[in-house]
Amino acid sequence: MSEERSLNFIEQIVTDDIANGVNDGRVLTRFPPEPNGYLHIGHAKSIALNFGLAQQFNGKTNLRFDDTNPVTEDTEYVDSIKADIRWLGYEWAQELYASDYFEQIYEFAVTLIKKGLAYVEDASAEQIAASKGTPTTPGTPTPARSRSVEENLDLFTRMRNGEFKDGEKTLRAKIDLASPNMHMRDPLMYRIKHTHHHRTGDKWCIYPMYDFAHGQSDSIEKITHSLCTLEFIPHRPLYDWFIKELEIFPSHQYEFSRLNLTYTVMSKRKLKQLVEEKYVSGWDDPRMPTISGLRRRGYTPASIRQFCERVGVQKREQMIDLGLLEFCVREELNKTANRVMAVLDPVKLVLTNYPEGQVEEMTAENNPEDAAAGSRTLHFSKTLYIEREDFMEEPPKKFFRLGPGLHVRLKNAYIIKGESVEKDADGNITTIYASYLPESKSGGDHSGMTVKGTIHWVSAEHAATAEVRLYDRLFKSENPSAEEGDFKDFINPESLQVIKEAYVEPGLLQAKAGDRFQFMRKGYFTVDPDSTPEKVVFNRTVTLKDAWAKEKGKA
RNA sequence: UGCCCGAUAGUAUAACGGUAGUACGACAGACUCUGACUCUGUUUGUCUUGGUUCGAAUCCAGGUCGGGCAACCA
């Protein structure tokens, strides 16, 4: 018997509904994106919630595009959204569009007009806003509010027929101009937009507003639990009012808090700005919190699902530490990614007592966490490359790497001892000389020596060259949106560092886009789609935890 | 200041009137042919004031703080 994890408040509601026989125990959720941008990690939380809930309670989830505003929407986004949901590992029961229901929604509007609960408005946006009053003072009716049913029916038909220009008329619900809830002060149901729609083409010139499309679509589909974010709480009375007056299937809306992540922004508007103003290379730039960005960065679907599970579902605002997302991907990649050696900032190392021209084959374990991952063969020779930071001329006390007189293990090879260095005119080290202990070979070490440190290397003659892109957080500020001024002023200037020539194991030349590796001691990396047979490009997904960096920071 | 939502370690999240626990982080240590992984330990919390109760993080009331709402956006 596995330990039951406690239920979040929505799971609790669903559990109670099932126990009480609500909807005969049926559970149908929906994920309702507007096709006007790419999905991001915040959407992933909603996707995981909606699809996860259905899986958990033997239900289904529809994918429904909320495409009621043709001005901003496009099929490009429809395609990316579908691809991202599938990549995350979810499959919808039906692919639907609010625009599929335009005729039905129109009929709903006619029903309300006939009941005297909707009217055609002549006033402009400004006039309507002014007549709505303020939160502390009630609104005042416009002359149109007292129109007859017949006149409203006629005008609404003519709106549909295209007899009016954009903005000339709207359809409003007749509810309560004195309501303390501003959304109940005769909200707009329809507006005129002579705009081509990505699916209905030029069939319509009037389009329903969110409030008169979303709940109605839920009801038409017989959605049982309609989950949305907190800002829609004030809309719920309206959501319920339309359902009640229309006497249609009673879907219910429940709200949870949206996901916020440190060191990034999550609003579509801001993400779009980063793309359009070229602060990033596109929606799928590996620094973006978009699903496509995370994918290109090397994140796995399972790690994102795990992250969504860990952040939970609640009604309080959450600001999640980016470190938790990183933890989730490390946790998975540690178990699944093969280890390889890559030297990102190379310096030449010559083993003075190693025979010139000799090449040895060394065996390297692919993944110590997974015996089934097997092993590979590496070539070892007299001249190698090691990481520049793994050598210090004047090492401090706890430096367990190479230095004059210091011993260190070359991973999967020999223990070596630092001897001397060669420098250029500027004082930069160009070559390090060291001697190796022949009896210390990995797998058959009888040197009797133990060393504190192990470093990675590649054989100069055998190494392949690769481009490596080191990504870091996009913003310097923990919460750029909350800063004074423009959020873009807080972009991290070092969010991308490109290494044109890193040296890697030659076997990596065969790697394909999307393959993931651990570069030993450096981090997890994935092969970028920019790679060509001539040049492999790696993206750093995330660094390894680095206790030494921390130790250095203390000094 | 009209209405609405919320408040548990640094960040999240449990405890469903009965011992405030877990994860991430931080700190200290063990282990290590990755300063990774793993393991051990430590630290830090119920916004506040009253009330109900044998007993309150939980129920009630007032306050404080945070967030949202007056788009022909969703």
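Numbered from 1 within each chain, the chains take letters A, B, ... in sequence-line order.
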Residues forming a side-chain contact (heavy atoms from CB on, under 4.5 Å) with A:Pro180, sequence neighbours excluded: none
If you check the A:Met209 side chain, which of B:C72, B:C33, B:C37 turns out closest? B:C72
Using a cut-off of strictly less than 4.0 Å, decide whether A:Lys165 has a side-chain nitrogen or oxygen near OP1 or OP2 of B:C72. no
Write down the distance between CZ (A:Phe400) and C1' (B:U34), rounded to a whole number of angstrom. 14 Å
Closest to the side chain of A:Thr134, out of B:U34, B:A74, B:A70, is B:A70
Tell me whether the OP1 or OP2 atom of B:G35 has a side-chain N or O from A:Lys552 closer than 4.0 Å. no
Which one, B:C37, B:C3, B:C33, comes nearest to the side chain of A:Asn334? B:C37
Do the ring centers of A:Phe380 and A:Tyr414 come within less than 6.0 Å of each other? yes
Rounded distance in Å - CD (A:Glu317) to C1' (B:U11): 15 Å
Within the 4.0 Å heavy-atom criterion, would you say A:Pro33 contacts the bases, only the backbone, or no part of the nucleic acid? nothing
Let me see the working for A:Phe538 and A:Phe519 under ring pair (Phe, Tyr, Trp, His ring centres under 6.0 Å), right down to the final yes or no. CA-CA 10 Å; A:Phe538 290 96; A:Phe519 287 2; 5.1 Å; yes
Pick base, sugar-phosphate or nothing for A:Lys411, based on heavy-atom distances below 4.0 Å to the nucleic acid. base
Does A:Thr72 put a side-chain nitrogen or oxygen below 4.0 Å from OP1 or OP2 of B:A74? no
List in chain and number order the residues that pass side-chain contact (heavy atoms from CB on, under 4.5 Å) with A:Asn62, two or more places apart in sequence or in another chain; answer none if no residue qualifies. A:Leu28, A:Arg30, A:Ala93, A:Gln94, A:Leu96, A:Glu221, A:Ile223
Whole-Å distance between B:C37 P and A:Asn367 CG? 14 Å
Under 4.0 angstrom between A:Arg191 side-chain N/O and B:A74 OP1 or OP2: yes
P atom, B:A26 versus B:G21: distance in rounded Å? 23 Å
When you get a sec, tell me which of B:C33, B:G35, B:U11 is the closest nucleotide to the side chain of A:Ser442? B:C33
Side chain of A:His183, base of B:A71: donor and acceptor closer than 3.5 Å? no
Between C1' of B:U34 and CZ of A:Arg409, the distance in whole Å: 13 Å
Quantified in whole Å, what is the C1' atom distance between nucleotide B:G29 and nucleotide B:G35? 14 Å
Can you find a pair of side-chain heavy atoms, one from A:Met159 and one from A:Val120, that are under 4.5 Å apart? yes
Of the candidate nucleotides B:A74, B:C72, B:C33, which contains the atom at the shortest distance from the side chain of A:Thr170? B:C72
Whole angstrom value for the distance that separates P of B:G25 from CG of A:Leu325: 13 Å
In whole Å, I'd like the distance from the CG atom of A:Leu322 to the C1' atom of B:A12. 14 Å
Which part of the nucleic acid, if any, lies within contact of A:Ala123, taking any heavy atom under 4.0 Å across all strands shown: a base, the sugar-phosphate backbone alone, or nothing? base
Can you tell me the distance, in whole Å, between the CZ atom of A:Arg521 and the P atom of B:A36? 11 Å
Determine: side-chain N/O of A:Lys550 to OP1/OP2 of B:A26, distance under 4.0 Å, yes or no. yes
Nearest to the side chain of A:Leu188, heavy atoms from C-beta on, is which of B:C72, B:A74, B:U11? B:C72
RNA chain B nearest-nucleotide lookup for A:Glu168 and A:Gln518: closer to the 5′ end is A:Gln518
Rounded to the nearest Å, what distance is computed from the CZ atom of residue A:Arg401 to the C1' atom of nucleotide B:U32? 15 Å
Quick one: do the A:Glu76 and A:Tyr38 side chains pair a donor with an acceptor below 3.5 Å? yes
State whether A:Phe487 and A:Lys270 meet the cation-pi test: NZ (Lys) or CZ (Arg) under 6.0 Å from the six-membered ring centroid, and within 45° of the perpendicular axis. yes
Looking at A:Tyr263, I'd like to know if the NZ or CZ of A:Arg473 sits under 6.0 Å from its six-membered ring centre while staying within 45 degrees of the ring's axis. yes
Taking the six-membered ring for Trp, does A:Trp548 stack with B:G35 (centroid gap under 5.5 Å, planes within less than 30°)? yes
All N/O contacts under 3.5 Å from nucleotides 14-23 of chain B to the protein, with atom names and distances to one decimal?
{"residue": "B:A23", "atom": "O2'", "partner": "A:Arg310", "partner atom": "NH1", "Å": "2.5"}

So, under a plain 3.5 Å distance rule, would you say the side chain of A:Gln318 forms a donor-acceptor pair with the base of B:U11? no
A:Ala129 has a side chain; which of B:G2, B:A71, B:G35 sits nearest to it? B:A71
Applying a 4.0 Å non-hydrogen cut-off, can you work out what A:Phe399 is touching in the nucleic acid: base, sugar-phosphate, or nothing? base
Could you spell out the base pairing of RNA chain B as a dot-bracket line? Use Watson-Crick and G-U wobble contacts where both distances are under 3.5 Å, [ ] for crossing pairs, | for partners on a different strand. .((((((..((((....[..)))).(((((.......)))))....(((((..]....))))))))))).....
For atom CZ of A:Arg199, decide whether the heavy atoms of other residues, nucleotides or ligands shown that lie under 6.0 angstrom number more than 12. yes
Say you pick atom P in B:U44 and the same atom in B:G50; how far apart are they, in whole Å? 25 Å
Just to be sure I understand the rule, does A:Met319 reach a base, reach only the sugar-phosphate, or reach nothing, if contact means heavy atoms closer than 4.0 Å? sugar-phosphate
Within 45° of the ring axis of A:Tyr106 and under 6.0 Å from its six-membered ring centre, is that where the NZ or CZ of A:Arg160 lies? yes
Against the side chain of A:Lys132, the closest entry in B:A70, B:U34, B:A74 is B:A70
Apply salt bridge (charged side-chain N to carboxylate O under 4.0 Å, His left out) to A:Glu505 and A:Arg376, showing your working. CA-CA 11 Å; A:Glu505 293 181 16; A:Arg376 67 192 184 285; 2.7 Å; yes
Taking only the P atom of each, what is the distance from B:A56 to B:U48 in whole angstrom? 15 Å
Please report the distance separating the P of B:A36 from the corresponding atom of B:C24, rounded so that it comes out in whole Å. 15 Å
Can you check ring pair (Phe, Tyr, Trp, His ring centres under 6.0 Å) on A:Tyr207 and A:Phe102, steps first, answer last? CA-CA 8 Å; A:Tyr207 293 93; A:Phe102 280 173; 5.7 Å; yes
Which nucleotide wins on minimum distance to the side chain of A:Pro180, given the candidates B:A36, B:C33, B:C3? B:C3
NZ (A:Lys268) with more than 12 external heavy atoms under 6.0 Å: yes
First encountered from the 5' end of RNA chain B, between A:Tyr524 and A:Gly444: A:Gly444
Give me the one residue out of A:Lys335, A:Gln518, A:Arg339 that meets side-chain hydrogen bond (donor to acceptor under 3.5 Å, both in side chains) with A:Asn367. A:Arg339
List the residues meeting salt bridge (Lys or Arg N to Asp or Glu O under 4.0 Å) with A:Glu439, not counting sequence neighbours, and say none if there are none. none
Expected list for residues 251-271 of chain A near RNA chain B, using heavy atoms below 4.0 Å, is none
